[in-house]
Amino acid sequence: MPELPEVETIKRELRRKIRGQRIVGCSIQRKDIIAHPSAAAFCPSITGELIIDVERNAKYLIVQLSNNKRLVFHLRLSGTIVVSPLNSTLERFTRLAIQLNDCQLFFKEPRALGRVYLIDGNELVPTLKGFYRLGCEPISDGFTFDYLKAKLKRRKARIKSLLLDQNICAGMGNIYSDEALFRAGIRPMRRANRMTDKEIKKLQQTLKDVIRDGITNFGTSVSDYKRTDGKEGSFQKMLHVYGREGEPCRKCGSKIALKKIGNRGTRYCPKCQT
DNA sequence: ATGACGTCCTGCCTGC
DNA sequence: TGCAGGCAGGACGTCA
């Protein structure tokens, strides 16, 4: 599923492929994918605009348009963005197609949970609540030991659940949370307020490392995620716990366990993580 | 404010 | 082979 490294990969590829192009056409295959404004108003509002730049904030992909408009994509669980030649036919599960000067974008979303928003100037989009209250990304300078400690102390929720909280670790998702906890040697069900300074320090570092490694490897292709040319990322080859339940731990040989924490499938090594 | 849990959505996998 | 049912899970709403 697209987490920070996957969205960063898409951002970098789009920046290279579509910056400076103009939107010449738009078609919506599924209306409820357009969260704001109405589906009827959407295409007319973006057609004719120039693509100034492509950015990312946590898991949100932001396409800066001319006239101070921003196109915001949230890929949720299964969203992908494909860059195709202009004459190519719509790919399966395409929910939105945007034609540019010399290529087109397909927003594909098999599970139809992803959303697209158009923000006009400084307008506040009510359905984009999470976007306005994101915490620090693990790879940002602000993601220090002190920051993480302040966010975790007095919280008695399980650490795994708090890593998924976008107000604490912006851009984190299920895969990288499990991997960071494995690298830090911390059990996902541990209560945040019971963690030592040493453990928080370690976790702060492994969160940074795992996200950086994910980006270096162009993301994790385990289900739907693909790069904008349809190719796979490669971080799935380096996973220690995610998707490896029942298989031997690469460090100690114990069977990787799978438990539900906060209704999320959570993988960990019962021996390496304490 | 916090934490637990239900809901959305639909392709895919499992089991009968 | 075919079908029903369960599962996956990010964000958000609801409830205690």
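Only heavy atoms go into these numbers, but all of them, side chains included; no hydrogens, no water, no symmetry mates. These numbers come from a predicted model, not from an experiment. Every chain is numbered from 1, with letters handed out A, B, ... down the list of sequences.
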*May I ask you to verify if any side-chain N or O of Tyr242(A) is less than 4.0 angstrom from the OP1 or OP2 atom of dG9(C)?*
yes
*base_contact_polar (dA8(C) base, Arg111(A) side chain, donor-acceptor, <3.5 Å)*: yes
*asked:* Closer than 3.5 angstrom, by distance alone: can the side chain of Thr9(A) be matched with the main-chain N or O of Val7(A) as a donor-acceptor pair?
replied: no
*For Phe182(A), is the NZ or CZ atom of Lys251(A) found under 6.0 angstrom from the centre of its six-membered ring and inside 45 degrees of the ring axis?*
yes
*Honestly, is Arg267(A) close enough over Tyr242(A), meaning NZ or CZ under 6.0 Å from the six-membered ring centre and within 45° of the axis?*
yes
*Please give, in whole Å, the distance from dA1(B) P to Leu162(A) CG?*
16 Å
*Between Lys160(A) and Asn174(A): side-chain donor-acceptor atoms closer than 3.5 Å*: yes
_Under 6.0 Å from the ring centre and within 45 degrees of the ring axis: does the NZ or CZ of Arg227(A) meet both conditions for the six-membered ring of Phe218(A)?_
yes
*Just how far, in rounded Å, is C1' of dA11(C) from CG of Leu134(A)?*
11 Å
*Among the candidates dG9(C), dC12(C), dC12(B), find the nucleotide nearest to the side-chain atoms of Arg92(A).*
dC12(B)
*Neighbour count >12 (heavy atoms, 6.0 Å) for atom NZ, Lys17(A)*: yes
_What is the separation between atom CZ on Arg76(A) and atom P on dC9(B), rounded to the nearest whole Å?_
10 Å
*5' priority, DNA chain C, between Gly130(A) and Leu113(A) [closest heavy atom]*: Leu113(A)
*What nucleotide, of dT10(B), dA4(B), dG11(B), holds the atom closest to the side chain of Arg191(A)?*
dA4(B)
*Gly265(A) near the nucleic acid: base, sugar-phosphate alone, or nothing, with a heavy-atom cut-off under 4.0 Å?*
sugar-phosphate
*Passes salt bridge (Lys or Arg N to Asp or Glu O under 4.0 Å), Arg190(A) versus Glu199(A)? Steps please.*
CA-CA 11 Å; Arg190(A) 290 276 302 282; Glu199(A) 287 173 324; 2.8 Å; yes
*Rounded distance in Å - CG (Asp165(A)) to P (dG9(C))*: 18 Å
*Within this structure, what is the CZ-to-C1' distance between Phe73(A) and dA11(C), rounded to whole angstrom?*
19 Å
*Tell me which residues in residues 145-156 of chain A put a heavy atom below 4.0 Å from DNA chain B, sorted by number, or none.*
Arg155(A), Lys156(A)
_Using OP1 and OP2 only, check whether a side-chain N or O of His74(A) sits under 4.0 Å from dG10(C)._
no
*Whole-Å gap separating P (dC12(C)) and NZ (Lys59(A))*: 10 Å
*Look at Lys260(A) and dA8(C) and indicate whether a side-chain polar atom (N or O) is within less than 4.0 Å of OP1 or OP2.*
yes
*Got a sec, which residues hit disulfide (SG to SG under 2.5 Å) with Cys26(A), two or more places apart in sequence or on another chain?*
Cys43(A)
*According to a strict under-4.0 Å criterion, is Asn263(A) in side-chain N/O contact with OP1 or OP2 of dC5(B)?*
no
Listing time: all N or O pairs from protein to nucleotides 14-16 of chain C that are below 3.5 Å?
none

*asked:* Just N and O in the side chain of Gln166(A): are any of them under 4.0 Å from OP1 or OP2 of dG10(C)?
replied: no
*Check the distance between dG10(C)'s C1' and Tyr225(A)'s OH and give it to me in whole angstrom.*
17 Å
*Indicate whether any N or O donor in one side chain lies under 3.5 Å from an N or O acceptor in the other, for Lys208(A) and Gln205(A).*
no
_Under 3.5 Å donor-acceptor pair, Arg158(A) side-chain atoms to dG3(B) base atoms_ = no
*Between dC12(B), dA4(B), dT10(B), which one does the side chain of Ala157(A) approach most closely?*
dA4(B)
*Whole Å only: how far is the CD atom of Glu109(A) from the P atom of dC9(B)?*
12 Å
*Would you say the side-chain atoms of Tyr268(A) and Lys259(A) include a donor-acceptor pair closer than 3.5 Å?*
yes
